[in-house]
Protein chains: 2
Amino acid sequence: MVTKGNAFDPNCPTRTILDRIGDKWTVLVVLSLRSGPLRFTELRDGIGRVAPKVLTQTLRRMERDGLITREIFPEIPPRVVYTLTPMGGSLIEPISVITDWAETHVPAITKAQAAYDEFA
Amino acid sequence: MVTKGNAFDPNCPTRTILDRIGDKWTVLVVLSLRSGPLRFTELRDGIGRVAPKVLTQTLRRMERDGLITREIFPEIPPRVVYTLTPMGGSLIEPISVITDWAETHVPAITKAQAAYDEFA
DNA sequence: CCTCGACGGTATCCATTGGTAACTGGCTAC
DNA sequence: GTAGCCAGTTACCAATGGATACCGTCGAGG
């Protein structure tokens, strides 16, 4: 049925990656870094309310996955800069496709929800 | 910075939709229904281990969002059929873009993870 | 007759996780 | 001196995800 490395197998790495991409904060980090490297606080402030803990987790995961790099400048005050890797940058395209879809279908979905709730 | 209805605002409906799409099970349901309507148990068995509760939640949400329809045939034994709406079907494209990306980058990501863990 | 299984789910419980609030350390500016 | 910045970390807690068990209704089988 599903020919290529199928996402239905929980052990399939594709599934894991799908989970990463599906992660709310990961998407927002990619979009934030789209126009250039940013520091921790810049990311935190740019993205709406993110708990620093969660942001750290997200960034570490992304670093591990090779989507971003983390550069530490041992200055005072400390400076840490996050940059999209080429692979991370290649995610912008797919993400744009999704966000475009979402934006064009917002009205239809909102309407569907209203219609559904009508009968509830 | 972000021109179009920006996903950084937690109240932006785009964000909500992004969360939906990011949902593991939603994606798998769409892919499952790609080749035609299915019944509850067919979905449950087709998708790897899903708790029925979670599948129900997912399906209800998708129905509310107008991505699928739910038809009940008052037979014995009961029969409930889920079908992709045109809007739901239009999600296949974007999802394919993502899964394609995931599949092509699986090796690179796996390698990145291994390299990262080397130093841990 | 009595039980068993199919079907499309609930109900109940537990583990993991997402998120909040407070704190750290080193230095600088007031 | 003390207040604040930076990049987090460390409790702690509510919510969510998920596994398991169960429900009513019916026909089939023994």
Side-chain angles (χ1 to χ4, degrees), chain A residues 7-12 15-16 18-29 32-33 37-65 68-83 116 119-120, chain B residues 7-11 15-16 18-29 32-33 36-65 68-83 116 119-120:
Chain A
F8 292 88
D9 178 4
N11 298 330
C12 176
R15 177 104 146 221
T16 317
L18 235 52
D19 287 350
R20 291 280 178 290
I21 298 173
D23 181 54
K24 180 171 42 168
W25 303 120
T26 301
V27 171
L28 294 178
V29 167
S32 298
L33 293 179
L38 291 177
R39 314 175 53 168
F40 187 84
T41 38
E42 291 170 332
L43 278 168
R44 195 201 40 188
D45 297 344
I47 299 172
R49 310 196 152 275
V50 207
K53 189 191 81 173
V54 179
L55 183 56
T56 304
Q57 287 172 348
T58 305
L59 292 170
R60 290 281 136 72
R61 222 169 17 207
M62 293 177 71
E63 190 194 359
R64 187 173 110 96
D65 291 345
I68 58 173
T69 58
R70 178 167 176 269
E71 268 181 302
I72 308 164
F73 297 85
E75 307 167 356
I76 296 298
R79 192 157 63 94
V80 177
V81 171
Y82 294 93
T83 313
Y116 184 93
F119 295 92
Chain B
F8 291 87
D9 178 4
N11 299 331
R15 176 104 146 221
T16 317
L18 235 52
D19 287 349
R20 290 282 177 290
I21 298 172
D23 181 54
K24 181 169 45 169
W25 304 119
T26 301
V27 172
L28 294 179
V29 167
S32 298
L33 293 180
L38 292 176
R39 313 173 55 169
F40 186 84
T41 39
E42 291 171 332
L43 279 168
R44 184 181 43 109
D45 297 343
I47 299 172
R49 309 198 152 275
V50 209
K53 189 189 79 173
V54 178
L55 183 56
T56 304
Q57 286 173 348
T58 305
L59 292 171
R60 290 277 138 68
R61 227 174 8 211
M62 293 177 70
E63 190 195 358
R64 188 172 109 96
D65 291 344
I68 59 173
T69 57
R70 178 167 176 269
E71 267 181 302
I72 308 164
F73 297 85
E75 307 168 356
I76 296 299
R79 192 158 62 94
V80 177
V81 172
Y82 293 93
T83 313
Y116 184 93
F119 295 91

Using 0.5 Å steps for rounding, measure from the [atom1] atom of [X] to the [atom2] atom of [Y].
X        : Y        : atom1 : atom2 : result
Leu38(A) : Ser32(A) : CG    : OG    : 6.5 Å
Leu55(B) : Phe40(B) : CG    : CZ    : 4.5 Å
Leu28(B) : Leu33(B) : CG    : CG    : 11.0 Å
Lys24(B) : Asp19(A) : NZ    : CG    : 5.5 Å

task: List for me each residue that meets salt bridge (charged side-chain N to carboxylate O under 4.0 Å, His left out) alongside Arg20(A), sequence neighbours excluded, and say none if there are none.
output: Asp65(A)

task: List for me each residue that meets salt bridge (charged side-chain N to carboxylate O under 4.0 Å, His left out) alongside Arg61(A), sequence neighbours excluded, and say none if there are none.
output: Asp23(A)

message: Using every non-hydrogen atom in the two residues, find where Arg39(A) and Glu42(A) come nearest and quote the distance to one decimal.
response: N-OE1, 2.7 Å

message: Restricting to side-chain contact (heavy atoms from CB on, under 4.5 Å), what partner residues turn up for Pro37(A), sequence neighbours left out?
response: Val81(A), Thr83(A)

message: Among residues at least two apart in sequence or on other chains, which ones pass side-chain contact (heavy atoms from CB on, under 4.5 Å) with Pro78(A)?
response: none

Glu63(A) (side chain) donor-acceptor with Arg60(A) (main chain) under 3.5 angstrom: no

- request: Dump the intermediate steps for side chain to side chain contact (heavy atoms under 4.5 Å, CB included) on Leu59(A) and Leu43(A), then the final yes or no.
  value: CA-CA 10 Å; Leu59(A) 292 170; Leu43(A) 278 168; 3.9 Å; yes

- line: Across all chains, not counting sequence neighbours, the side-chain hydrogen bond (donor to acceptor under 3.5 Å, both in side chains) partners of Arg64(A) are Asp117(B)

- prompt: If each of Thr56(B) and Pro52(A) is mapped to the nucleotide of DNA chain C with the nearest heavy atom, which maps nearer the 5' terminus, i.e. the 5' end?
  reply: Thr56(B)

message: When you compare the side chain of Met62(A) with that of Thr26(A), does any pair of heavy atoms fall below 4.5 Å?
response: yes

- prompt: Is any side-chain heavy atom of Lys53(B) closer than 4.5 Å to a side-chain heavy atom of Thr56(B)?
  reply: no

query: Using the C1' atoms of the five pairs at each end, what is the angle between the end axes of the helix from dC1(C)-dG30(D) to dC30(C)-dG1(D), to 10°?
result: 30°

- line: The correct set of residues in residues 37-47 of chain B placing a heavy atom under 4.0 Å from DNA chain C is Arg39(B), Phe40(B), Thr41(B)

query: Which residues in residues 69-81 of chain B have at least one heavy atom lying under 4.0 Å from any atom of DNA chain C?
result: Arg70(B), Pro77(B), Pro78(B), Arg79(B), Val80(B)

Could you go through residues 68-76 of chain A and list every donor-acceptor pair under 3.5 Å that involves a side-chain atom there, pairing it with any protein atom two or more places apart or in another chain?
{"from": "Arg70(A)", "atom 1": "NE", "to": "Tyr82(A)", "atom 2": "OH", "distance (Å)": "3.2"}
{"from": "Glu75(A)", "atom 1": "OE1", "to": "Arg79(A)", "atom 2": "NE", "distance (Å)": "3.2"}
{"from": "Glu75(A)", "atom 1": "OE2", "to": "Arg79(A)", "atom 2": "NH2", "distance (Å)": "3.1"}

- request: Any chance you could list the contact pattern along nucleotides 13-18 of chain D? Use B for base contacts, S for sugar-phosphate-only contacts and - for none, protein heavy atoms under 4.0 Å, 5' to 3'.
  value: -----B

- prompt: How would you give the extent of chain B contacts on DNA chain C, as first and last nucleotide 5' to 3' within a 4.0 Å heavy-atom cut-off?
  reply: dC7(C) to dT12(C)

